[in-house]
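Scroll down for the structure; my scribbles are underneath it.
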Amino acid sequence: MQKHKHLYASLLVALVSILPAQAQLVINEFMQSNVETIMDDISEFPDSWVELYNPTDQTVNLADFSIGIKEEPSDAYKLPAKDIPAGGHILIYCDKEEQGLHTDFRLESGKNGAIYLFKGDEIVDKLTKIAKMPAPDIAYGRKSDGDKKWGYELQPTPGTANEGGLSDIILDEPIFSIPGGVYKDMSFSVELSLPDGAPEGASIHYTTDGTEPTKDSPVYSEALNFSSSRVVRAKLFAEGAISRPSTTNSYLVLGRRVTLPVVSLTTNPKYLNDSKIGIYPNNDGDKKKVDWRRPVNFEYFPTPESEAALNQLCETRVSGGATRGSKFKSQIVYANKRFGEKRLEYEFWPNSKPGMTDIKSIMLRNAGNDFDYMYFRDAAIQMNMATHCDLDWQAYQPAIVFINGQYRGMLNIRERSNEDNIYSNYNKLEDIDMFENWGELKTGTWDNKMAFTEFYNKRGHTMAEYDQWMECEEFLNLMLMNIFYSNRDFPGNNIVMWRPTAEGGRWRWIAKDTDFGMGLYGHRYDYKTI
């Protein structure tokens, strides 16, 4: 009898050890903020990612699994039917794209985040109370594939075996002897030094071409001297320690007296010009209408004599339609807490919108269709109207722009015409419906818009009835502006309408892209054309 008990116990242990290994996956590694560690299958840098590992000796199909950041399986994202071989890895892109391996959520970059892996309604693996990320591009993973020990990885290993080792040492930033700025000449040297507490053997590596420094980049050994504008990116490396993203400083020479603010954008040149992954159009005239975002360091110097008011890691993409073919591209610059700074916290438009400092994104605009003409036609039209009446609009500030230390001319710092405009102008309001060109949903739902459309398609309504749905005076101001300035690219185009979703929220409009006004392309601009 005793023998049978031992045999039964042995079989039970064997069965328990085998069952979890049958068709099960585990969370193996994740990154809360992916700046440029990996590019995904749609040529983007996913906001965050999770690596799953198959520790069994059988192929596992993802169709049985879902993944989420909440404990309820009904809130999880269902994964597609895809085979993971024995001992294989697969990346789940957490970027809100909601297709295939791209989830409908992002990982939390702050503290107390969570990841849940479900098989059906059962939680098969999870991580809770995840710490706030120490810096972007740092991965947290198992010491080896499937191992019980977790930690920050010396080198992220997305899609491959975890073999790089773990560390709890996160290196600080190097120290620059002279801050970035706009200088009369380069008659000085820039020295780099290790911060206090740097581990023994730490070294500084740097670049001057816009690329992120690696261990193969030049090692700093003596003061840097330049004869022209230059951007320096530098970071620490040490054996057994993890490097943060680089620290960037721009040293710019204009060669003449200027009074405008200066913007310096720094990024890997291939993110702009590469034929496959660059966001700029090809030289063959292809407009390349993609909205890929690429990492960029953004510095803002309010005056040529001042230090940088902003120096932070951001994202950028090209904006516009046909005007992408212009020599200077309109670009959007986005702030995000995943990169370290949640906002572009600066008063860009002190004259027209004083006190506004909570900015999610800005546009560096090339003046659109007005690129070869006045270069500020849209800004002049909007400012002349909106500063004298009730009208939502895009504030304006011209600035000199450098990219990777090269002078690129002037672009106009503009407010956006999307939900970020509403956030900044309406006390952080985010619960809105917004449409562009009457039928393109930008955010929110169709519900009120469909009811509003049904209302105005019927004749016989009074102004008081219309006023229940929309702010009539603001709409009239928008129409009067476009008619008076003879904007010919309206109202079939460049219409942005929005409303608060709260009860009683009424439709308003944002002035946008009036570049065809005031006689562009030789069109008559007088009372006979109005």
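Residues Leu391 and Leu478 have side chains in contact (heavy-atom distance under 4.5 Å, counting atoms from C-beta outward). Side chains of Asn268 and Glu212 form no contact here, defined as non-hydrogen atoms less than 4.5 Å apart. Using a 4.5 Å heavy-atom threshold, the side chains of Phe30 and Leu107 count as touching. Side chains of Ile115 and Ile67 form a contact here, defined as non-hydrogen atoms less than 4.5 Å apart. Within the 4.5 Å cutoff, the side chain of Asn54 has heavy atoms near those of the Ile84 side chain. Looking only at side-chain heavy atoms (C-beta outward), Trp469 and Phe455 come within less than 4.5 Å of each other.
Of the charged side-chain nitrogens involved, at least one lies within less than 4.0 Å of a carboxylate oxygen, so that Arg106 and Asp47 count as a salt-bridged pair. Using a 4.0 Å cut-off between charged nitrogen and carboxylate oxygen, Arg365 and Asp515 count as a salt-bridge pair. Ion pairing between Asp291 and Arg324 holds under the 4.0 Å rule for side-chain N and carboxylate O. For Arg317 and Glu315, the salt-bridge test fails: no basic side-chain N is under 4.0 Å from an acidic carboxylate O. Between Arg414 and Asp378 a salt bridge is recorded (basic side-chain N to carboxylate O distance below 4.0 Å). Ion pairing of Glu108 with Lys132 is absent here, as no side-chain N (NZ or NE/NH1/NH2) approaches a carboxylate O to less than 4.0 Å. Remark: Lys327 does not engage Asp372 in a salt bridge, criterion side-chain N to carboxylate O under 4.0 Å. A salt bridge links Asp125 and Arg142; the closest N-O separation between the charged side-chain nitrogens and carboxylate oxygens is under 4.0 Å. Salt bridge annotation for Arg506-Asp467: present, with a cationic side-chain nitrogen under 4.0 angstrom from a carboxylate oxygen. The pair Lys428-Asp358 meets the salt-bridge criterion, with a side-chain N (NZ, NE, NH1 or NH2) lying under 4.0 Å from an Asp/Glu carboxylate O.
Checking each of Asp370, Asn369, Asn487 against Arg377 for a side chain to side chain donor-acceptor pair (under 3.5 Å) leaves exactly one that passes, namely Asp370.
Taking the ring centre of Tyr334 as origin, the terminal cationic atom of Arg293 falls inside the region bounded by 6.0 Å and 45° from the ring axis. Under the 6.0 Å distance and 45° angle rule, Lys449 counts as a cation-pi partner of Phe435. Taking the ring centre of Tyr423 as origin, the terminal cationic atom of Lys360 falls inside the region bounded by 6.0 Å and 45° from the ring axis.
Summarising the geometry of Ala335 relative to Cys314, their closest heavy-atom pair is CA-SG, 4.4 Å, with the distance given to 0.1 Å. Summarising the geometry of Thr37 relative to Pro158, their closest heavy-atom pair is CG2-CG, 4.4 Å, with the distance given to 0.1 Å. Considering all non-hydrogen atoms of both residues, Ile413 and Trp349 come closest at O-NE1, 3.2 Å.
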Could you go through the side chain to side chain donor-acceptor pair (under 3.5 Å) check for Thr501 and Asp433 one step at a time?
CA-CA 6 Å; Thr501 57; Asp433 296 326; 5.9 Å; no
Does the side chain to side chain donor-acceptor pair (under 3.5 Å) test come out yes or no for Asn425 and Asp392, once each step is laid out?
CA-CA 9 Å; Asn425 284 280; Asp392 294 332; over 6 Å; no
Intermediate values then yes/no, side chain to side chain donor-acceptor pair (under 3.5 Å), Gln331 and Tyr280:
CA-CA 10 Å; Gln331 290 185 222; Tyr280 284 176; 2.4 Å; yes
Checking ring-ring contact (aromatic ring centres under 6.0 Å, His included) for the pair Tyr271/Phe45: CA distance, chi angles, key distance, verdict?
CA-CA 11 Å; Tyr271 296 155; Phe45 290 105; 5.4 Å; yes
What's the verdict on side chain to side chain donor-acceptor pair (under 3.5 Å) for Asp41 and His102, showing C-alpha distance, side-chain angles and the deciding distance?
CA-CA 10 Å; Asp41 54 347; His102 299 258; 2.6 Å; yes
Phe475 and Trp509: CA distance, side-chain angles, deciding distance, ring-ring contact (aromatic ring centres under 6.0 Å, His included) verdict:
CA-CA 7 Å; Phe475 181 71; Trp509 282 260; 4.6 Å; yes
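Taking the ring centroids of Trp498 and Tyr426, they lie under the 6.0 Å cut-off. Aromatic ring centres of Phe516 and Phe490: separated by at least 6.0 Å.
A donor-acceptor contact shorter than 3.5 Å links the side chain of Ser48 to the backbone of Cys94. No donor-acceptor pair closer than 3.5 Å links the side chain of Glu51 to the backbone N or O of Asn28. Although no hydrogens or angles enter the test, the distance criterion places no donor-acceptor pair under 3.5 Å between the side chain of Arg343 and the main chain of Ser361.
Using cut-offs of 30° and 60° for the angle between ring planes, the Tyr300 and Phe298 rings count as parallel. Ring pair Tyr140/Tyr152 is perpendicular by interplanar angle, where above 60° counts as perpendicular and below 30° as parallel.
Dense packing is recorded around CG of Asn112, with more than 12 heavy atoms of other residues, nucleotides or ligands lying under 6.0 Å away. By the neighbour-count criterion of 12 heavy atoms within 6.0 Å, atom CD of Glu347 is densely surrounded, having more than that number from other residues, nucleotides or ligands.
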